[in-house]
There are 2 protein chains.
Amino acid sequence: MMRYHKVPEETIKRMPQYLRALLFLRQQSTKYITSRGLSEYVLLNPPQIRKDLSYFGAFGLRGTGYEVEPLIKQIRRILKLDVEQKTVLVGAGRLGSAIARFPGFQRYGFNITDIYDNAGKRIGKKIGKIQIKDVAKLNKIKANSVKIAIIATPPETAQQIADALVKAGVTSILNLTSAYLAVPKKVRVRTVDLAMELGMLPYYT
Amino acid sequence: MMRYHKVPEETIKRMPQYLRALLFLRQQSTKYITSRGLSEYVLLNPPQIRKDLSYFGAFGLRGTGYEVEPLIKQIRRILKLDVEQKTVLVGAGRLGSAIARFPGFQRYGFNITDIYDNAGKRIGKKIGKIQIKDVAKLNKIKANSVKIAIIATPPETAQQIADALVKAGVTSILNLTSAYLAVPKKVRVRTVDLAMELGMLPYYT
DNA sequence: TCCTGTGAACTTGTTCACAGCT
DNA sequence: AGCTGTGAACAAGTTCACAGGA
């Protein structure tokens, strides 16, 4: 049992992929899946999958594979997605409102509880059931113990939003702007800049 | 000179980051930048940056650093972003329309020339200057030599869109749905599933 | 002196082969 | 027999130390 080995960062990045595949399999009423079967959904080879999972424990059944439902529970627990993760969204422009209505987040345990914007014309309006609040009141989220935030503002304001979020106790940020965010070491930032994601594709053509 | 070494995939992924930083520096009228200076914008250490750039040639000036403008040109050339990359967007829902108006793509050389959707109510309407076309006419893009596509449809339709795109000659796809896309080996797919990007953040809290 | 360019050492991550359980 | 779990071999990527030019 390898539970006490250090888990590679790359393994952590792959765990949500396994979760996604397993959720899909459950929907298809699949009860058991082998590492070979899973490999068709995540484009990784079977030993890689087995090794990744084995860092956290021995979840499989030799001769049979992995039981889908319990494995979903385990991965959710490992990634801390078994408890509802309160999430705040800053920026209610086009991208922000697309995000706010995105069904995928719920399925992973993320619950967008607050939406903020700085534009007067948007404040007070609703996206779904959530009323857009003034970004000046971001400090209020502290009492709410929100740890995760999504920034979907113009890049120019991203840093000041990040500062306010950190001050309010947020520890993880998904940055959807092209701005580089300077934050304290304890705060985790994942930046997804769509233009940059496209940027590497032509190289291989 | 290392130009004939194999370039690591990880290096390619970082090149757009360097480009982004350099574009920012140019905007600040910075003429020269050292690897140390760049490292503050991309969160990588200086030797890593020097090594990455050296895979493609010796662009630096010993004692001085890199000249911003020529390095931008070089990276654009390396990534094939110096020629306009015609790009087609499929899916004109909330996310799609946010993408279509996204200013970042232009700056990287991507020019969205066509937008497709399958919803009758959207076809014919305009986003900016581009009229939304019926997705059934996707095959038309072949004559236009579009090589890059962005899929921002619901996940259920993503695979059939991908099939049509491949048939129409597209070689690179940015998949913004949660669907796994099966494509021929020569076609490059980059999937960005925002829920998955969020998924790994709570682990580290 | 300052900073780049790079071979070599080192670290991290992946693949393999097979032991071991069902 | 079939499939997992994992140490060990292997591959890829990163860091370092320093040679060499401005």
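Residue numbers begin at 1 in each chain, while the letters A, B, ... track the order of the sequences.
Residues B:Arg20 and B:Gln17 have side chains that never bring a donor and an acceptor to within less than 3.5 angstrom of each other. Side-chain atoms of B:Thr11 and B:Asp52 form a donor-acceptor pair, as typed in the model, at a separation below 3.5 Å.
The shortest side-chain heavy-atom distance between A:Leu53 and A:Tyr66 falls under the 4.5 Å cut-off.
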Q: Could you check A:Ile151 against A:Leu165 for side chain to side chain contact (heavy atoms under 4.5 Å, CB included), going step by step and ending with a plain yes or no?
A: CA-CA 10 Å; A:Ile151 303 182; A:Leu165 287 168; 3.8 Å; yes
Q: Go through the steps for A:Lys13 and A:Glu9 under the test salt bridge (charged side-chain N to carboxylate O under 4.0 Å, His left out), then give the verdict.
A: CA-CA 6 Å; A:Lys13 286 191 195 162; A:Glu9 168 123 23; 5.0 Å; no
Q. Please walk me through it: do B:Tyr203 and A:Val7 pass side chain to side chain contact (heavy atoms under 4.5 Å, CB included)?
A. CA-CA 11 Å; B:Tyr203 178 82; A:Val7 180; 4.1 Å; yes
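Other residues, nucleotides and ligands place no more than 12 heavy atoms under 6.0 Å from the CZ atom of A:Arg94. For CZ of B:Arg36, the number of neighbouring non-hydrogen atoms (other residues, nucleotides, ligands) closer than 6.0 Å is 12 at most.
Applying the ring-ring contact (aromatic ring centres under 6.0 Å, His included) criterion to B:Phe24, with sequence neighbours excluded, gives B:Tyr41.
A straight line from CD of B:Glu9 to C1' of D:dA11 spans 14 Å, rounded to a whole angstrom. Rounded to a whole Å, the NZ atom of A:Lys51 is 7 Å from the C1' atom of D:dG7. Rounding to whole angstrom units, CD of residue B:Glu10 and P of C:dG13 are separated by 10 Å. Between the CZ atom of B:Phe56 and the P atom of C:dT4 there is a distance of 18 Å, rounded to whole Å. For B:Phe59 and C:dT4, the CZ to P distance is 14 Å, given to the nearest whole Å. Computed from coordinates, the A:Asp52 CG to C:dT15 C1' distance equals 12 Å when rounded to whole Å. Rounded to whole angstrom, the span from the CD atom of A:Gln48 across to the C1' atom of D:dT6 amounts to 13 Å. To the nearest angstrom, C1' of D:dA12 lies 12 Å from CZ of B:Arg14.
Of the side-chain N and O atoms in B:Tyr55, none sit less than 4.0 angstrom from OP1 or OP2 of D:dT14.
Judged by atom type and distance alone, B:Lys6 does not reach the base of D:dG13 through any side-chain donor-acceptor pair under 3.5 Å.
Contacts between residues 22-45 of chain B and DNA chain D, defined by a heavy-atom separation below 4.0 Å, involve B:Asn45, listed by number.
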Q.
At under 4.0 Å between heavy atoms, how does the protein contact nucleotides 17-22 of chain C? Give one character per nucleotide, 5' to 3', with B, S or -.
A. B--BBS
